[in-house]
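Everything on this sheet refers to the single structure shown next.
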Amino acid sequence: MLLLLLRSSFRKELKFVLCGELPSCLCIPATCMELLQDMHVYAYAASQVKKAMEVTNELGGENFVFWGGREGYQTLLNTDLKKELDHMARFLQAAVNWKKSIGFNGTLLIEPKPQEPTKHQYDWDAATTMGFLQRYGLADEFKLNIECNHATLSGHSCHHELEMARIYGMLGNIDANTGDAQTGWDTDQFLTDISEATLIMLTVIKNGGLAPGGFNFDAKLRRESVDVEDLFIAHISGMDTLARGLRNAAQLLQDGTLTELVQKRYESFDSKLGASIKEGSLSFEELEKKAIEWGEPPLTSGKQEFAEMIFQSYL
């Protein structure tokens, strides 16, 4: 079924804490995967999104997440890819139109996921999703809800997905969970890795926060964790991990050692000629002359091990 996750929150600002939700997460089952192939299913899904958005607005919600569980295909042999993308864009545009018509001022979010249960989902990762939104003129209407476990399923790190969303100005919310590298599916485990939490918080700080978004635990206990106290332990551990990550990231940025290393790597572009390159005022012909004048470029170290050593020293 297509699941649209309605996340209604009364947060007014982000103070780098785990944010409560109403009541925590309401899952609205919309319809089956024929949404993009059958107009009857399309209309049925639209009616459910309409009602869910009305409820969100009535409750004072600040975010509305589209989790496209099956907007994708199993094989291209029976799929018209362009039609399905066009239909999905039309559906999302209709959602935008309804949002504006009812006076809902919350943020519309799309949660990228590469696969499972479909073989290929149209919102594979952050870059794919943002490209789709830009292609159909929807980039100004949506932001992204990045889930760390989905990032790893798409072959990326969570830090990569967050940074891609941040630099395009489309980071809106984070599902604070993680996966198991040995499984290959969406395990939705609580985040307990201090290193990953620190990388996440580096992006959050650089982004200036997430408001009106925040963090939510899209996570569940392991099958063997059957005691009531396990639920409390998991949430406490997850919150503490993010808090420690925030402290580490703040200290890392404040000290500036890693930032300086990165800046030094690109310092040639700070020269007069480098500025001309960034402005786009130098042609290939002019650059060719410079290359002949300078000769073979020198080899320079990327200092990866040094960067990793600096990062680890703050954990």
Side-chain angles (χ1 to χ4, degrees), residues 3-29 56 59 61-69 106-107 109-113 116 126 143-154 157-159 161-162 165 171-181 183 185-205 207 209-249:
L3 292 182
L4 297 170
L5 267 62
L6 164 62
R7 295 194 173 105
S8 301
S9 165
F10 292 107
R11 301 183 297 274
K12 298 306 177 187
E13 61 183 53
L14 176 66
K15 296 186 181 295
F16 298 110
V17 296
L18 274 291
C19 306
E21 298 187 347
L22 177 67
S24 79
C25 178
L26 176 61
C27 297
I28 308 297
T56 303
L59 295 175
E62 294 181 336
N63 297 282
F64 190 96
V65 180
F66 289 84
W67 181 84
T107 303
L109 297 150
I110 294 180
E111 182 174 325
K113 186 181 181 184
E116 189 197 17
K143 289 187 180 294
L144 300 188
N145 178 57
I146 300 298
E147 178 179 312
C148 291
N149 201 168
H150 292 173
T152 52
L153 287 177
S154 66
S157 66
C158 187
H159 191 210
E161 289 291 88
L162 292 171
L171 178 57
N173 198 70
I174 298 174
D175 274 6
N177 66 10
T178 191
D180 190 318
T183 55
W185 62 82
D186 204 3
T187 56
D188 286 339
Q189 296 172 229
F190 282 87
L191 180 62
T192 57
D193 187 330
I194 304 299
S195 175
E196 185 172 16
T198 302
L199 291 170
I200 289 170
M201 287 302 187
L202 281 173
T203 295
V204 171
I205 294 174
N207 196 60
L210 293 172
F215 290 89
N216 44 265
F217 283 140
D218 184 5
K220 61 181 77 73
L221 295 177
R222 300 303 90 195
R223 293 180 185 274
E224 298 84 358
S225 299
V226 296
D227 294 338
V228 173
E229 69 174 10
D230 293 333
L231 187 62
F232 293 91
I233 292 170
H235 281 83
I236 292 168
S237 175
M239 288 187 284
D240 286 351
T241 298
L242 286 171
R244 288 182 61 184
L246 176 59
R247 288 177 180 270
N248 293 342

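Note: hydrogens, waters and symmetry copies are ignored here, and every other heavy atom, side chains too, is used.
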Under the criterion side chain to side chain contact (heavy atoms under 4.5 Å, CB included), I'd like the reasoning laid out for E147 against N177: C-alpha separation, chi angles, the key distance, then a yes or no. CA-CA 7 Å; E147 178 179 312; N177 66 10; 3.0 Å; yes
Value rounded to 0.5 Å, distance of OG1 in T192 from CG in L242: 10.5 Å
Taking all heavy atoms of L153 and all of E116, pick out the closest pair and write down the distance. CD1-OE1, 4.1 Å
Value for CG (D240) from CZ (R244), rounded to nearest 0.5 Å, stands at 8.5 Å
Just verifying a value: how many Å separate H150 NE2 and D175 CG, rounded to the nearest 0.5 Å? 7.5 Å
Closest approach of T56 and F64, non-hydrogen atoms and distance? OG1-CD1, 3.5 Å
To the nearest 0.5 angstrom, please state how far the OG1 atom of T187 sits from the CZ atom of R222. 5.5 Å
Pick one: which of T241, N248, D193 meets side-chain hydrogen bond (donor to acceptor under 3.5 Å, both in side chains) with T198? N248
Distance-minimising heavy-atom pair for T107 and P212: OG1-CG, 3.6 Å
Side-chain donor or acceptor of N145 paired with backbone N/O of I110 under 3.5 Å: no
Nearest non-hydrogen partners of C148 and E196, listed with the distance: CB-OE2, 3.9 Å
Separation between OG (S225) and CD1 (I233), nearest 0.5 Å, reads 8.5 Å
Please check: side-chain N/O of N149 versus main-chain N/O of D188, any donor-acceptor pairing under 3.5 Å? yes
For the atom pair CZ (F215) and CE (M239), what is the distance rounded to the nearest 0.5 Å? 13.0 Å
Specify the closest pair of heavy atoms between E161 and A126, including all atoms of both residues, with the distance to one decimal. OE2-N, 2.8 Å
Looking at side-chain heavy atoms only, is the closest gap between C158 and T152 below 4.5 Å? no
Looking at every non-hydrogen atom in both residues, tell me the closest pair between L109 and G172 and how far apart they are. CD2-CA, 3.8 Å
Quick check: does any side chain N or O of D230 sit under 3.5 Å from a backbone N or O of V226, one acting as donor and the other as acceptor? yes
Any non-hydrogen side-chain atom of L162 less than 4.5 Å from a side-chain atom of V204? no
